[in-house]
Amino acid sequence: MAFIFSHMKSQYFCYMDYFRLTSAAFACIAVGYAAAQDCANSFNPVQDWTWTYRTQNTDKKGQVQATTWQRQTQSTAAGFDTIVLSGKQQPSKSPYRCTQGAHTSLTVPSVAGAQITKASVTGFSIAAPANWRVGYEWNNVWNVEGRKGLLRGAGDFTLHYRIVDLEKVKVPAGEFEAFKVELTMTLKMKAGGVPLNQALPTSYAWYAKDVGLVKQIWGRGNLTELMSLKK
């Protein structure tokens, strides 16, 4: 006999006979509660909310293209998924792992157009809520192996985050007091025995408590701003 229990917007499927119903039900509820508690982070809320953003990208010719998109979250057994909705495109889903309030993206990064054949990640993408203060730093490191054409390579892709300021930020959704986070990315690899080291352009993101990401700047004139938040 199959019973389905739902907790904290996540579904946990427990298949059991009648005599195990009570213990299995409590086990399902406990797992859902633990996952939700582990993901709790006021600077990247995992809630049944909808964030609406507008992103402006500037191409090599200087032409600006604007896209409006929405972001939602959905709890999972290991953490949560971020779901992006943009126009008529199919929703895209990105998994995250939670560790004592810190969030780690499990989406393997694109590295110089190579086909990634093996990847592992350490560190985290979003700091635990207790660590949000000016001067705090953390790393998110991907160890990857891959190939491009006849070349095979391996190395590390490091994302280094540093909170540089706490300031007022005004976006279409309103004015927020937000932490400014600096992100620097470095690639250290060897392909066919040849070093391929590269430092990528620095980007900045602003996070407000009980809201999450409100603004991001990267590359040449690329900008993302929060348009609205529906709680």
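Being a predicted model, the structure only gives us computed values, none of them experimental.
Applying the side-chain contact (heavy atoms from CB on, under 4.5 Å) test between H103 and each of F80, F124, F43 identifies F80 as the sole match. Evaluated for a side chain to side chain donor-acceptor pair (under 3.5 Å) with T50, the options Q72, K231, K230, Q70 yield exactly one hit, Q72.
For V169 against A178, the heavy-atom pair with the smallest separation is CG2-CB, 4.1 Å. Nearest heavy atoms, V46 versus S75: CG1-OG, 3.9 Å. Here the closest heavy-atom approach between residue L213 and residue Y53 is recorded as O-OH, 2.7 Å. Summarising the geometry of P172 relative to E225, their closest heavy-atom pair is CD-OE1, 3.7 Å, with the distance given to 0.1 Å. Contact between S86 and T67 at its shortest, heavy atoms only, is OG-CG2, 3.7 Å. Contact detail for V64 and T58: the closest heavy-atom pair is CG2-OG1, 3.8 Å.
Although no hydrogens or angles enter the test, the distance criterion places a donor-acceptor pair under 3.5 Å between the side chain of D59 and the main chain of K61. No side-chain donor-acceptor contact under 3.5 Å links W206 to the backbone of G212. No donor-acceptor pair under 3.5 Å is formed between the side chain of T202 and the backbone N or O of T184.
In this structure, the side chains of Y204 and K180 come closer than 4.5 Å at one or more pairs of heavy atoms. Using a 4.5 Å heavy-atom threshold, the side chains of R54 and L226 count as separate. Looking at N140 and T104, their side chains come closer than 4.5 Å, going by heavy atoms from C-beta outward. Between I126 and W132, some side-chain heavy-atom pair lies under the 4.5 Å cut-off. Counting only heavy atoms from C-beta outward, the side chains of W49 and L229 approach each other to under 4.5 Å. In this structure, the side chains of V144 and K118 stay at 4.5 Å or more apart for every pair of heavy atoms. At a threshold of 4.5 Å between non-hydrogen side-chain atoms, the residues S125 and L159 do not count as touching. The shortest distance between side-chain heavy atoms of T158 and M185 does not fall below 4.5 Å.
More than 12 heavy atoms of other shown residues, nucleotides or ligands fall within 6.0 angstrom of atom CZ in R133. By the 6.0 Å contact criterion, CD on E167 is enclosed, its count of non-hydrogen atoms from other residues, nucleotides or ligands being greater than 12. Around atom NZ of K209, no more than 12 heavy atoms belonging to other residues, nucleotides or ligands sit under 6.0 Å away.
Salt-bridge formation is not detected for the pair E175/K170: no Lys NZ or Arg NE/NH1/NH2 atom is positioned less than 4.0 Å from an Asp or Glu carboxylate oxygen.
Legend: residues meeting ring pair (Phe, Tyr, Trp, His ring centres under 6.0 Å) with F157, ordered by chain and number and at least two apart, are absent.
Here OH of Y96 is found 12.5 Å from OG1 of T76. Values are rounded to the nearest 0.5 Å. Of the inter-residue distances, the one linking I217 atom CD1 with S203 atom OG reads 9.5 Å to the nearest 0.5 angstrom. Interatomic distance, OG of S42 versus CG of D210, reported as 5.5 Å (0.5 Å rounding).
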Original post:
Taking it one step at a time, do T55 and T224 satisfy side chain to side chain donor-acceptor pair (under 3.5 Å)?
Top reply: CA-CA 4 Å; T55 295; T224 291; 2.8 Å; yes
**OP:** Evaluate side-chain contact (heavy atoms from CB on, under 4.5 Å) for V121 paired with L106, printing each intermediate quantity in order.
**Re:** CA-CA 8 Å; V121 63; L106 301 181; 4.1 Å; yes
Subject >> From CA spacing to verdict: ring-ring contact (aromatic ring centres under 6.0 Å, His included), Y136, W138 >> reply: CA-CA 7 Å; Y136 185 70; W138 69 95; 5.7 Å; yes
